[in-house]
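Accompanying notes for the structure given below.
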Amino acid sequence: MSMQRWIFGIVALFVMMIPMTFTPAATAGDLLLEILLEKGIITKDELIRLKAEEEKREAAKAAEQTKKKPEVEVDFGKEKQAVAKASEPSKKKSGVEVGFGKKGFTLATRDGLFKTKIQWRFQGRYTFPERGDPRNAGAFEDNEESTFELRRVRMKVGGHGYKPWIKYYFEVDWQPMRSDSNDQARASTRLIDWRIMLEKFKWAKLRIGQWKINYSRERVDSSGKQTMVERSIMNRVFTIDRQMGMMLYGRVNPGTILDANYYLGIFSGAGRGVNNDDDNMMYMGRIQWNVFGRELKWRQSDVKFHKKPTGSVSFGAYTNKGKCTRWSSGGCGSLGSLSRAGDKFSTSVADGRYQTSGMQFGSAFKYRGFAWQHETHWKKVKDTEAAAGLERTNMFGGYLMAGYFPHYLISAVPKPLEIAFRYSHVDPDTDASGDFRQEFTTGFNWFFAGHRNKLTLDLSHLTLENETPDLEAYAEQRVRLQWDVSF
């Protein structure tokens with residue numbers, strides 16, 4: 001009997017292994033067990049137990065194959081492997097991710113529908129002997145000033161909501177400077193930028209809000225992404241600065257010889273944070289040809305080291321009727337220079353008195369550490385209440401600037417160092433004499449982390465034509481040192 005048990009064990013083991021190797025042989029295994037029962041080698045209880053064990057193994061194997069083995073689907077006569085579906089339903093991504101990058105701290109939902117970037121910026125400056133740009137004889141001959149100041153302290157918040165192409169941005173200025181301790185009005189915090197951008201299509205985008213209008217490249221370039229400490233002397237006269245309104249813009253024919261950007265806008269014309277007080281509007285247009293089929297960002301210095309030449313040529317124009325003859329981050333203002341009628345432009349005049357129009361032609365170029373940009377501006381202010389022949393004041397000005405990282409020419413020069421030069425000129429009344437101004441500035445930049453952390457030193461020679469032709473022009477030298485950091 002012991003021999004029979006031994007044979008039974010061997011046979012039973014063999015029978016149990018058959019379905020593990022060849023599933024179709026399960027029927028042959030059942031027949032073999034029946035024969036063993038008839039010969040008396042196994043009992044009926046043992047037969048039942050063996051069949052139950054076999055059924056369990058087959059069920060487990062079938063479940064394992066269903067879970068792992070991909071199904072075969074037929075698609076137009078071709079077989080393709082279908083990905084097995086998980087037994088549990090998929091869960092939507094939820095929660096918020098926190099990070100830090102080039103544009104500051106980031107909060108974003110995992111589904112990608114919402115994102116907010118928060119960045120802080122600090123700009124500390126030392127200036128001698130003049131804080132600003134002297135514009136008249138008195139400013140050239142006044143007392144010297146040695147000044148430390150927080151020129152800009154900003155908080156920037158931007159991102160998108162509901163859809164990645166529904167974008168928003170606003171910027172708060174925390175530290176406007178004051179001329180004295182009693183000038184409390186200028187010490188208030190200011191919301192200088194706020195806007196919503198609908199950018200689903202590259203060729204047609206819409207912007208609504210308040211921002212630096214895309215007219216002058218030098219003005220639109222952020223003060224934190226400039227080559228020199230501050231913008232040129234021509235900026236005050238020719239910029240249209242921040243306005244409230246809406247603009248259609250986009251890029252067409254990208255990567256071709258006809259690659260171009262366009263900007264068409266309508267604005268209140270009253271400047272930053274001021275409601276329009278009449279029914280006149282400002283109209284602006286700009287066309288920018290991307291010469292090499294590559295778009296040039298609104299920033300100065302070739303920090304990114306463009307390996308391919310990238311440049312643009314632009315033309316822009318605007319017109320506005322109101323009481324403003326110039327604009328700044330403070331809003332609507334007056335040029336404060338003399339017209340041919342001998343009267344100063346003033347903001348305390350009847351609404352719609354001044355018809356102000358302007359045009360600009362510009363170019364920009366970057367390649368292998370070299371950066372160039374220039375603009376030429378024309379501006380006309382028509383006083384609709386002045387006497388005939390004395391109502392128009394024509395202005396002319398511009399700048400050209402070039403910078404280079406000499407390390408790419410002389411390897412011994414430190415890589416973070418950039419050397420630059422800028423020339424600028426302003427003629428506030430082309431029909432008058434004694435008011436032509438010039439600027440000659442040499443700059444040095446040391447980039448710790450690109451424009452996000454840099455030191456800038458610039459030296460300027462500033463001149464003003466003398467009202468008396470036989471006398472030398474007024475002149476002043478100025479030095480400025482600035483640390484600009486964003487985090």
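Using a distance-only test at 3.5 Å, with no hydrogens or angles considered, no donor-acceptor pair links the side chain of Lys454 to the main chain of Asn445. When atom types are taken as modelled, the side chain of Thr384 and the backbone of Arg353 share a donor-acceptor pair closer than 3.5 angstrom. Between the side chain of Gln123 and the backbone N or O of Arg151 there is no donor-acceptor pair closer than 3.5 Å. With hydrogens and angles disregarded, a donor-acceptor distance shorter than 3.5 Å links the side chain of Glu439 to the backbone of Ile233. A donor-acceptor contact shorter than 3.5 Å links the side chain of Lys379 to the backbone of Thr325. A donor-acceptor distance shorter than 3.5 angstrom exists from the side chain of His160 to the backbone of Gly112, with no hydrogens or angles considered.
Using a 4.5 Å heavy-atom cutoff, the side chains of Arg125 and Leu481 are not in contact. Proximity of Gln226 to Asp484: side-chain heavy atoms (C-beta onward) are nowhere separated by under 4.5 Å. Side-chain atoms of Arg217 and Gln288, non-hydrogen and from C-beta on, do get closer than 4.5 Å to each other. Here the side chains of Met401 and Tyr423 are not in contact, with every heavy-atom distance at 4.5 Å or above. In this structure, Thr147 and Phe128 have side chains that are not in contact, with every pair of non-hydrogen atoms separated by 4.5 Å or more. When side chains are defined from C-beta on, Gln373 does not count as touching Leu400, because their heavy atoms never get closer than 4.5 Å.
Put simply, the residue from Leu335, Asp383, Asp429, Thr356 that forms a side chain to side chain contact (heavy atoms under 4.5 Å, CB included) with Thr393 is Asp429. Checking Tyr399, Phe396, Phe238 one by one against His425, the ring pair (Phe, Tyr, Trp, His ring centres under 6.0 Å) holds for a single residue, Phe396. Put simply, the residue from Arg121, Lys156, Arg190, Arg152 that forms a salt bridge (charged side-chain N to carboxylate O under 4.0 Å, His left out) with Asp173 is Arg190. Of the listed residues (Phe405, Tyr408, Phe447), just one forms a ring pair (Phe, Tyr, Trp, His ring centres under 6.0 Å) with Phe305, and that residue is Tyr408. When the options Arg236, Arg478, Arg231, Arg437 are evaluated for a salt bridge (charged side-chain N to carboxylate O under 4.0 Å, His left out) with Asp133, the one that passes is Arg478.
Under the 6.0 Å cut-off for aromatic ring centres, Tyr169 and Trp211 do not qualify, their centroids lying 6.0 Å or more apart.
Between Trp483 and Phe122, the two ring planes are perpendicular [angle over 60°; tilted spans 30° to 60°]. Between Tyr162 and Phe114, the ring planes are perpendicular. Angles over 60° get that label, and only those under 30° would be called parallel. Ring geometry, Trp327 versus Tyr318: the interplanar angle exceeds 60°, so the pair is classed perpendicular (tilted spans 30 to 60°). Using the six-membered ring where Trp is involved, Tyr263 and Tyr249 have ring planes that are parallel, under 30° apart on the 30 and 60° scheme. The aromatic rings of Phe361 and His374 sit perpendicular, their planes meeting at an angle over 60°, well past the 30° parallel limit.
Salt-bridge formation is detected for the pair Arg242/Asp193: a Lys NZ or Arg NE/NH1/NH2 atom is positioned less than 4.0 Å from an Asp or Glu carboxylate oxygen. Using a 4.0 Å cut-off between a side-chain N of Lys or Arg and a carboxylate O of Asp or Glu, Arg154 and Glu171 qualify as a salt bridge. A salt bridge links Glu199 with Lys167: the distance from a Lys NZ or Arg NE/NH1/NH2 to an Asp or Glu carboxylate oxygen falls below 4.0 Å. Salt-bridge formation is not detected for the pair Asp259/Arg294: no Lys NZ or Arg NE/NH1/NH2 atom is positioned less than 4.0 Å from an Asp or Glu carboxylate oxygen. The pair Asp458-Arg480 meets the salt-bridge criterion, since a charged nitrogen lies less than 4.0 angstrom from a carboxylate oxygen.
Rounding to the nearest 0.5 Å gives a distance of 9.5 Å between CD of Glu295 and NZ of Lys202. One distance of note links CZ of Phe292 with OG1 of Thr310; it measures 7.5 Å at 0.5 Å rounding.
By the 6.0 Å contact criterion, CH2 on Trp203 is open, its count of non-hydrogen atoms from other residues, nucleotides or ligands being 12 or less.
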Checklist entry - Yes or no on salt bridge (charged side-chain N to carboxylate O under 4.0 Å, His left out) for Asp241 and Arg219, after CA distance, side-chain angles and deciding distance? => result CA-CA 7 Å; Asp241 215 87; Arg219 182 54 181 152; 2.5 Å; yes
